[in-house]
Peer 1: 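Got a structure for you, questions after.
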Amino acid sequence: MSPAAKAASVDVRGLSVHAVRADGSSKAIVEDISFSLPPGEVLALIGESGSGKTTIALAMMGFSRFGGTISAEEIRVGDMRIDQMDEHALTGVRGHRIAYIAQSAAAAFNPSRPIMAQVIEPLLVHGQCSRKAAEAKAITLFRALALPEPETIGSRYPHQVSGGQLQRLMAAMALISDPELVILDEPTTALDVTTQVEVLRTFKSVIAQSGATAIYVSHDLAVVAQVADRIVVLKDGRMCEDGRAGQILEAPANGYTRALLSAARPAARPASQTAAENVLTVSGIHAGYGRVTDGVPAIPVLTNIDFTLKRGATLGVIGESGSGKSTLARVIAGLLPAARGEVRLEGERIAPRMEDRSREQLRRIQLVFQNADTALNPAQTVGQILARPLAFYHGIKGAQAHARVAELLDMIRLPASIMDRRSNELSGGQKQRVNLARAFAAQPDVLLCDEVTSALDTVVGAAILDLIDELRRELGITTVFISHDITTVRAFCDQMLVLYAGTPVELSTRETFAGAVRHPYTRLLVDSVPEMDPEWLAQRAAAERPALAVSPSSGPRSQPLCRFLARCPVAVAGTCDVLPPPVQETAGQRLMCHHTTAQLAAPAPLSEPVAP
Amino acid sequence: MMKPIFRTVRALPLSGRIGLGLVLFWIAIAALAPLIAPYGVGTFVDEEVFSPASARLWLGSDYLGRDVLTRIIWGSRNTVFLALGAALMAVAIGTSVAMLAAIRGGWTDQILCRAMDTLISIPSKIFALVMVAAFGSSMTLLLAIAAFTYTPGNFRISRALAMNLVALDFVQVARARGERSFHIALREMLPNMIHPLLADLGLRFVFVVLLLSGLSFLGLGVQPPHADLGSLVRENISGLSSGALAIVAPAVAIATLTVGANLLIDAIKPGAKT
Amino acid sequence: MAAAVSRRSPLASLLPLIAKRAASAVLTLFLVSMVVFAISALLPGDAAQESLGQSATPEQIAALRHEMGLDRPGYVRYAEWLTDMLSGDPGQSYVANQPVADIISQRLPNTLMLASVTAVLSVFAALAIGISSAINRGSRLDRALNIVTLSLVAIPEFLVATLGVLVFSVKLLLLPSIALVSEDATWSETLRSMALPVFSLGCIVVAQMARMIRAAVADQLDRSYVEMARLKGVPFSCIITFHVMPNALGPIINAVALSLSYLMGGALIVETIFNFPGLASLMVNAVTSRDIPLLQSCAMIFCATYLVLMLVADVVAILANPRLRA
């Protein structure tokens with residue numbers, strides 16, 4: 001990986017991409033795009049879904065999806081005029097002088113070929129070197145990208161490595177031909193926040209080392225802040241703003257850019273007005289899939305979840321994918337019966353199985369699903385969708401129901417005319433509003449929101465959050481808010497429950513959560529969220545310490561060890577790998593860790609592993 | 001009501017419009033048979049057998065000197081209505097059972113799937129032959145046999161559709177609301193299955209036409225004095241060596257019906273535009 | 001070295017999976033035999049009553065029932081039947097009055113020959129048609145092939161057969177309209193007499209198979225990894241050979257097996273038209289003459305063939321899929 005002296009400059013003038021509609025007419029996906037990029041710099045294309053950022057990036061390789069046509073006064077990459085090349089010439093450029101890193105490595109790797117064959121393919125098809133030399137080069141790259149077992153990882157198949165590793169392997173595939181320009185299309189979006197940091201850091205360093213020019217496509221301003229020299233902000237296929245990264249992030253000139261920035265930094269809401277009565281009590285919940293023996297399911301997902309919520313309070317549940325966040329919502333709603341433990345509603349125990357709950361109990365707990373695309377029946381109109389819970393729970397029918405539906409639509413700020421439309425005619429944000437209105441139609445006491453903004457663009461999602469916050473305060477609804485987005489949860493919730501692999505490692509009030517005492521996993525999670533500061537990634541690297549090589553000692557035990565053990569940077573050999581973690585309670589905080597709260601409060605970075 | 005239908009028809013590609021035309025043509029012929037048949041179905045109209053087409057007998061005469069056109073018009077009535085009935089029954093039964101399997105899940109689903117997998121492992125024509133051998137061959141039995149033969153096929157498709165739907169959040173929402181299974185099946189799921197189910201109905205229709213005319217061709221289907229298009233081919237098989245219209249015409253009639261239906265299904269099925 | 005070792009051991013780990021599929025196929029065959037027996041022997045009325053006619057006294061019927069073993073419970077009769085089937089003695093034909101096994105062993109080779117010749121020819125034809133229309137998606141060739149195959153799959157076999165006879169035997173006098181298969185026929189005679197049956201049978205199977213193969217390949221062409229390969233600068237022909245085909249192999253094998261199973265149904269009609277002395281026409285005769293033991297044996301052979309085809313397809317798909325190999 002010698003630094004390429006041949007990094008290309010990029011000049012784009014008057015780029016448009018048109019797609020052909022079904023009826024033969026053509027529609028511009030992007031229009032009038034111009035920017036230029038000096039050699040060796042990183043340009044970020046920022047925008048929400050549908051802004052055309054990927055389309056522009058692909059046009060740099062003369063490629064457009066679904067038969068779109070690219071037209072431009074000029075697309076120049078180094079000494080190449082991409083806009084004047086034919087397909088044959090472009091084939092020679094792609095994967096050779098311009099390389100591409102796709103968003104989902106899991107889909108972009110061919111599932112039935114070994115990884116090595118795919119990584120070295122660009123070198124072989126362009127006849128750049130022999131297979132043997134190519135493999136040697138790949139292994140060097142694997143090492144540089146901090147991949148485990150660089151010598152043999154190439155002989156595995158894509159499904160045999162993790163998502164973060166696959167993303168890095170794709171970077172190897174792109175960089176192996178020493179390209180002059182690398183295009184990265186949302187390369188970390190599909191990853192968990194803790195993995196994202198690691199991948200981001202390796203990407204940044206290998207791009208810097210290779211010296212190539214790069215175009216980085218993303219919707220996440222904080223991620224872009226870490227890598228970009230220049231930023232182009234896009235909206236609906238047009239350019240909003242183009243400038244140095246520092247200027248865009250600190251002094252944005254464009255209104256839309258400002259909206260993007262403020263949506264990414266949600267303001268903290270005031271604490272909720274809570275009544276004295278406990279509305280939702282969850283105690284000792286164990287749940288999972290498969291046959292249940294002695295209160296433990298064959299595939300356990302959640303272990304020992306406890307919390308209590310007063311009327312009007314909000315609880316944020318955070319954790320990585322697979323941590324059991326959504327399962328918790330399903331257990332409270334009764335969709336997945338708990339194997340052990342109980343759920344109480346105003347002190348009254350309710351059946352674990354939804355089928356055994358009364359209609360009234362079902363009404364009082366409403367679950368809002370993550371993805372409004374699938375949560376709304378595409379065969380029904382908005383009016384039908386909203387009228388059903390009214391008829392089902394409250395017996396409201398006819399004109400009265402019609403009036404109430406109009407009221408609900410008004411509440412979620414949608415016009416009453418939308419009543420006759422079907423959900424597939426609505427935008428993503430509108431769908432999610434209808435999805436919410438359906439839950440509010442039941443007039444619930446408890447609202448379970450499962451990642452309700454994760455499928456939405458930042459600005460749209462921020463508006464939905466504002467709406468939920470406003471309505472739940474107004475109606476005094478107790479809310480459980482499930483999200484992988486720590487920033488939002490912190491701004492939004494009174495209490496925070498942190499799940500790691502189904503265990504509640506920390507439960508804190510907002511005040512204590514903001515304080516210094518944190519579970520090591522919470523700390524990792526919070527520290528992994530990129531900040532808008534370009535120096536963040538570098539500072540983060542300095543603060544980080546690798547996990548100790550502590551492996552759990554074998555032997556049967558009645559109580560499980562700390563689940564975070566293998567990744568914990570402050571694990572203590574002889575304690576953490578032998579004894580189950582104790583639960584420590586202080587005012588406003590409950591932690592599951594061997595370290596005392598005083599030890600956990602030590603300002604990061606902890607210089608030495610703390611002996612208990 | 002008429003407007004969306006009109007718009008759908010206009011959106012069809014040429015092949016789909018031809019298919020639609022052929023299907024409507026045969027349904028009209030079948031429905032209007034008593035009105036449009038030029039002669040009595042069993043009337044001997046010609047001294048000569050296997051006579052060629054003429055102004056009087058548009059498709060000539062058959063092996064007994066009856067009018068081939070009349071026989072085809074009446075035969076299509078049996079073919080179209082038997083097949084339509086059997087296809088409707090197969091889809092109705094298959095889909096109901098499939099939704100039951102999808103909603104109940106667990107043991108119900110496993111047993112139903114195993115049973116249907118067993119039935120589908122018997123090639124349809126072989127299955128029909130065993131049934132004909134056992135129960136004989138009357139119109140009612142043929143209807144039942146054809147319906148029963150194609151139920152497992154529809155079950156498979158409907159169950160796949162229903163399983164996808166059951167996993168979707170809006171069905172979970174309805175379940176979490178406390179809706180009964182019947183409501184979920186009828187209101188939440190069925191409306192989302194209608195399109196592929198219509199396509200499958202058309203496909204089953206084609207299969208049943210082919211199965212029944214095949215059986216009749218083997219002499220095991222519709223029995224004289226009744227005739228469907230398949231038995232017309234069989235009864236005139238002696239005219240093959242002379243290349244008589246009496247054998248080619250009914251065979252071509254079946255083909256226009258099934259090919260028409262197939263073209264139509266292909267044009268309306270989702271994603272046909274790619 | 002390490003790769004070679006790690007590649008061999010997963011293959012061994014596949015054996016349980018394959019054994020499981022095989023066991024499932026055997027179970028299905030067992031259930032199928034129950035269905036066949038139930039429909040043909042248990043459900044339809046009383047054979048004793050039927051053979052004695054309306055005028056028989058109840059005593060006579062009871063005596064005959066006892067003699068035929070019909071008064072024993074169904075599961076006992078089924079067990080006996082199954083044991084006989086498994087021991088290769090499916091009983092005596094009612095009509096021909098000779099062992100069913102003998103009759104079948106005369107006919108089976110003919111059908112196997114017809115089916116295998118048709119299968120080999122149609123697989124090649126279908127692969128060519130299916131793959132070429134998939135990689136030229138949306139082209140004129142693709143649209144034309146789509147209409148042709150779409151029409152062919154909906155055409156009854158006897159139309160293809162009768163038109164074939166009309167053109168090649170009646171008008172052109174090229175081929176015989178009756179397939180005579182005898183021991184002393186020359187190669188060219190056998191070939192000529194097989195041509196029309198193979199053509200009639202193959203036409204529809206090819207169309208079916210080609211459509212499924214096209215769908216399987218087209219589905220792979222839409223995957224992200226194909227776009228990625230293009231963006232790596234891999235030429236289109238290499239994308240098809242090295243990227244698409246390995247992934248499409250499983251679905252293609254499945255399509256081939258499904259279509260070949262259709263050959264059996266088609267053989268019923270084609271063998272009858274051409275008077276071909278095969279198993280399918282034997283079965284049709286068995287239905288006409290209500291020769292139940294013969295019918296049951298034929299049905300079981302067809303079902304077993306179907307299940308074997310599906311099992312082979314399943315196993316090949318497993319072997320072709322690295323996710324299952326691991």
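Below, chains carry the letters A, B, ... as their sequence lines are ordered, and counting in each starts from 1. Every value quoted in this text rests on a predicted model; they were computed, and no experiment measured them.
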Peer 1: Where on B:Ile126 is there a heavy atom nearer than 4.5 Å to chain C: the side chain, the backbone, both, or neither?
Peer 2: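 Looking at B:Ile126, backbone and side chain both touch chain C.
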Peer 1: Using a heavy-atom cutoff of under 4.5 Å, enumerate the residues of residues 143-161 of chain B that contact chain C, numbered in order, or state 'none'.
Peer 2: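 Residues in range: none.
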Peer 1: Counting only non-hydrogen atoms closer than 4.5 Å, does B:Asp117 touch chain C with its backbone (N, CA, C, O), its side chain (CB onward), both, or neither?
Peer 2: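 Backbone only.
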Peer 1: B:Val130 versus C:Met283: any side-chain heavy-atom pair under 4.5 Å?
Peer 2: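 A side-chain contact under 4.5 Å exists here.
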Peer 1: What option among B:Val206, B:Val233, B:Val248, B:Leu218 has the most heavy-atom pairs under 4.5 Å with chain C?
Peer 2: B:Leu218
Peer 1: Which value, rounded to the nearest 0.5 Å, describes the distance between B:Asp266 atom CG and C:Arg211 atom CZ?
Peer 2: 5.5 Å
Peer 1: Side chain, backbone, both or neither: which part of B:Leu263 has an atom under 4.5 Å from a heavy atom of chain C?
Peer 2: both
Peer 1: Counting only heavy atoms closer than 4.5 Å, note whether B:Leu129 contacts chain C via side chain, backbone, both or neither.
Peer 2: both
Peer 1: If you count heavy-atom pairs under 4.5 Å between each of B:Ile237, B:Val209, B:Leu210 and chain C, which one has the most?
Peer 2: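 If we count pairs closer than 4.5 Å to chain C, B:Leu210 comes out on top.
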Peer 1: Less than 4.5 Å apart, side chain to side chain, heavy atoms only: is that true for B:Ser121 and C:Cys303?
Peer 2: no
Peer 1: Name all residues meeting the salt bridge (charged side-chain N to carboxylate O under 4.0 Å, His left out) criterion together with B:Asp200; count only those two or more places apart in sequence or in a different chain, and write none if there are none.
Peer 2: B:Arg204
Peer 1: Just give me the residue among C:Thr272, C:Ile269, C:Ile273 that pairs up with chain B most often, heavy atom to heavy atom, under 4.5 Å.
Peer 2: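 Result: the option with the highest number of such pairs is C:Ile269.
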Peer 1: Heavy-atom distance under 4.5 Å to chain B: side chain of C:Asp291, backbone, both or neither?
Peer 2: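 Answer is neither: C:Asp291 stays 4.5 Å or more from chain B.
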Peer 1: Could you tell me which portion of C:Val165 (side chain, backbone, both or neither) has an atom closer than 4.5 angstrom to a non-hydrogen atom of chain B?
Peer 2: side chain
Peer 1: Taking only distance into account, with no hydrogens and no angle test, what donor-acceptor pairs under 3.5 Å do side-chain atoms of residues 152-163 of chain C form with protein atoms, sequence neighbours excluded?
Peer 2:
residue, atom, partner, partner atom, Å
C:Glu157, OE2, B:Lys125, NZ, 3.2
C:Glu157, OE2, C:Tyr262, OH, 3.0
C:Thr162, OG1, C:Phe158, O, 2.7
C:Thr162, OG1, C:Leu159, O, 3.0

Peer 1: Side-chain contact test, heavy atoms from C-beta onward, threshold under 4.5 Å: evaluate it for B:Arg114 versus C:Ser24 and give yes or no.
Peer 2: yes
Peer 1: If I take atom CZ from residue B:Phe127 and atom CD1 from residue C:Ile39, how far apart are they, to the nearest 0.5 angstrom?
Peer 2: 4.0 Å
Peer 1: Rounded to the nearest 0.5 Å, how far apart are OG of B:Ser15 and CG of C:Leu150?
Peer 2: 7.5 Å
Peer 1: Anything under 3.5 Å between a donor and an acceptor, one on a side chain of residues 250-257 of chain B, the other on a protein residue two or more places apart or in another chain? List them.
Peer 2:
residue, atom, partner, partner atom, Å
B:Thr256, OG1, B:Trp26, NE1, 3.0
B:Thr256, OG1, B:Val252, O, 3.3
B:Thr256, OG1, B:Ala253, O, 2.7

Peer 1: Just verifying a value: how many Å separate B:Leu119 CG and C:Thr28 OG1, rounded to the nearest 0.5 Å?
Peer 2: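 Output value for this atom pair is 11.0 Å.
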Peer 1: Where does C:Leu295 contact chain B at under 4.5 Å (heavy atoms): side chain, backbone, both or neither?
Peer 2: side chain
